[in-house]
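Below, each value reflects all heavy atoms present in this structure, side chains not excepted, and no hydrogens, waters or symmetry copies. Values in this document were obtained by computation on a predicted structure and should not be read as measured data. Below, read A as the first sequence line, B as the second, and so on, with proteins coming before strands; counting in each chain starts at 1.
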There are 2 protein chains.
Amino acid sequence: MVARSYGQYCGVTTAVELIGERWALLIVRDLLVGPRRYTDLKQGLPKIPTNILSTRLKELQEGGVVRRVPLLNCGLVYELTPYGRRLEPIVLALGRWGFAQMGDPGPDDVITADSLTMALRTAFRPDAAADLPPADYEMHVGDVVLRVQVSDELAVTQLAPPAPPVGGRLPSEQPDVVFAAGPGIRLLISGDVTPADAIDREIVAVVSGDGMLLERFAATFHIDPAGAAVLPA
Amino acid sequence: MVARSYGQYCGVTTAVELIGERWALLIVRDLLVGPRRYTDLKQGLPKIPTNILSTRLKELQEGGVVRRVPLLNCGLVYELTPYGRRLEPIVLALGRWGFAQMGDPGPDDVITADSLTMALRTAFRPDAAADLPPADYEMHVGDVVLRVQVSDELAVTQLAPPAPPVGGRLPSEQPDVVFAAGPGIRLLISGDVTPADAIDREIVAVVSGDGMLLERFAATFHIDPAGAAVLPA
DNA sequence: CCGGATCCGAATCGATACTG
DNA sequence: CAGTATCGATTCGGATCCGG
């Protein structure tokens, strides 16, 4: 199972032979969030054929990008090797680059927990976060619920969508604000709409907590699409 | 001719739909060196089928990455749009990442002028160059001849391989050193061999000029295979 | 020579079904 | 849960051909 060669002796070519096959970089994207089981990956990439996932994981292992780690009595997970983890800045930069060209979602497009987590990492501005007080958000997008905790660092945790634990949460565990968003949240990230506008236009809806914190959110997570090519009609 | 969708609403996914198809990023790599005609691209990517090159160029145009520019009475060239040019740090980072995994060249692997030029940009260390006196190299690798001029900036020019102009060059046009190298030059870039070793082991051969300048070359062009993939902000 | 378009066999991908 | 097996649909690769 040798990768089809491009016939060139070059670092870029080598890289593309390692992670350039269809679906490979999206597998890497999800593994950058954390180790994942086969089934998790399949769920996070709903349209990937199972045989392709299987093949890619083998190729990525051969390439030294991914490692297969058995768990005690608990199945196994795939995780990035240190070499694979060095792709993080590249994947984030690609996410930033692609963001500028994102239009509206297609009718069948989904937003997954891992892709949204990486999108937040893509948009995170540590310098802005350092100048602002810490904040603790709970973000709902489609079926995905993320707890986004910002201090100097960014910590994103995936929460189970269903009912909160009976008895409610302790105050110290409560996020400062809970909000729900649609795909239009892209416009908040790009700065095309202000948080106030976003609420007016129902791009985001504050479920509970202090809605003013959306200002802080927009300052902390931002991608400037400047320089994006306008597609010819 | 719509790109096969991955079914996700995500920046990384969008990016991969734009430049993730086979050969696409190598076309971008060559266009990062400069505008190229269809025939130049075909020569620089010897193994690309002509129909694939044609298809990719159309897709890259649709994606706003590449632009088709007619020249006055001289055919036409393809060039990156400003948006496409924003891929440069990503392609360089990928080259650095792939470099760490490069083994020996396959029997049919070639080194092209554009890929070598990008490899030099990949390995270029501006901070090291700033601390050293300017240098002017002429580098032969296979059939490729590059003039590599380092001051604060890096300038690489492709030279015609055949006979030098009759009467020789003027002294002011002469490079400080002319050297020939094989694929083993990778070991010089990675620091696995010293310049002196490289000469001893016939990885490089000094054709004319001051061979000691290879020390400066090795200090200016370096990729640490263990180093983090550094993406400039 | 430049800038492709066309045709066709080979390899890959995608969807579904099936298994230890 | 973690994949294999199968098979039609698509794409890729190699070669040829064509108008300027």
Report task. List in numerical order all residues of residues 31-45 of chain A for which some heavy atom is under 4.0 Å away from an atom belonging to DNA chain D. Result -> A:Arg37, A:Tyr38, A:Thr39

Query - Ring geometry between B:Phe221 and B:Phe124 (parallel below 30°, tilted from 30 to 60°, perpendicular above 60°) - result: tilted

Requested in this report: Return the value, rounded to whole Å, for the distance between atom CD of A:Glu17 and atom P of D:dC12.
Outcome: 16 Å

Report task. Would you indicate what B:Leu53 reaches in the nucleic acid, counting non-hydrogen atoms under 4.0 angstrom: base, sugar-phosphate, or nothing? Result -> nothing

Report task. Evaluate the salt bridge (charged side-chain N to carboxylate O under 4.0 Å, His left out) criterion for residues B:Arg85 and B:Glu88: first the C-alpha distance (whole Å), next the side-chain angles of each, then the deciding distance (0.1 Å), finally the verdict. Result -> CA-CA 6 Å; B:Arg85 224 169 294 128; B:Glu88 174 157 13; over 6 Å; no

**Report entry** Per-nucleotide protein contact string for nucleotides 13-20 of chain C, where B marks a base within reach and S marks sugar-phosphate only (heavy atoms under 4.0 Å, - for neither)
**Finding:** SBBBB---

Report task. Specify the separation, in whole Å, of atom CG of B:Leu72 and atom C1' of C:dC2. Result -> 17 Å

Requested in this report: Among residues two or more places apart or on two chains, list those pairs meeting salt bridge (Lys or Arg N to Asp or Glu O under 4.0 Å) that have a residue in residues 68-82 of chain B.
Outcome: B:Arg67-B:Glu79

Query raised in the report: Think B:Tyr78 has a side-chain N or O under 4.0 angstrom from the OP1 or OP2 of C:dC2?
Result: no

Query raised in the report: What is the distance, rounded to the nearest whole Å, between atom CG of A:Leu76 and atom P of D:dC1?
Result: 11 Å

Query raised in the report: More than 12 foreign heavy atoms under 6.0 Å from CD of A:Gln61: is that the case here?
Result: yes

Report task. Could I get the full list of side-chain hydrogen bond (donor to acceptor under 3.5 Å, both in side chains) partners for A:Thr14, not counting sequence neighbours? Result -> none

Query raised in the report: Between A:Asp114 and A:Arg29, is a salt bridge (charged side-chain N to carboxylate O under 4.0 Å, His left out) present by the stated rule, with each step listed?
Result: CA-CA 8 Å; A:Asp114 287 345; A:Arg29 178 200 64 189; over 6 Å; no

Report summary line: For residues 102-111 of chain A, the side chain to side chain donor-acceptor pair (under 3.5 Å) pairs (sequence neighbours left out) are A:Asp104-A:Arg186

Query raised in the report: With sequence neighbours left out, which residue pairs that include part of residues 9-61 of chain B fulfil the ring pair (Phe, Tyr, Trp, His ring centres under 6.0 Å) condition?
Result: A:Tyr6-B:Trp23

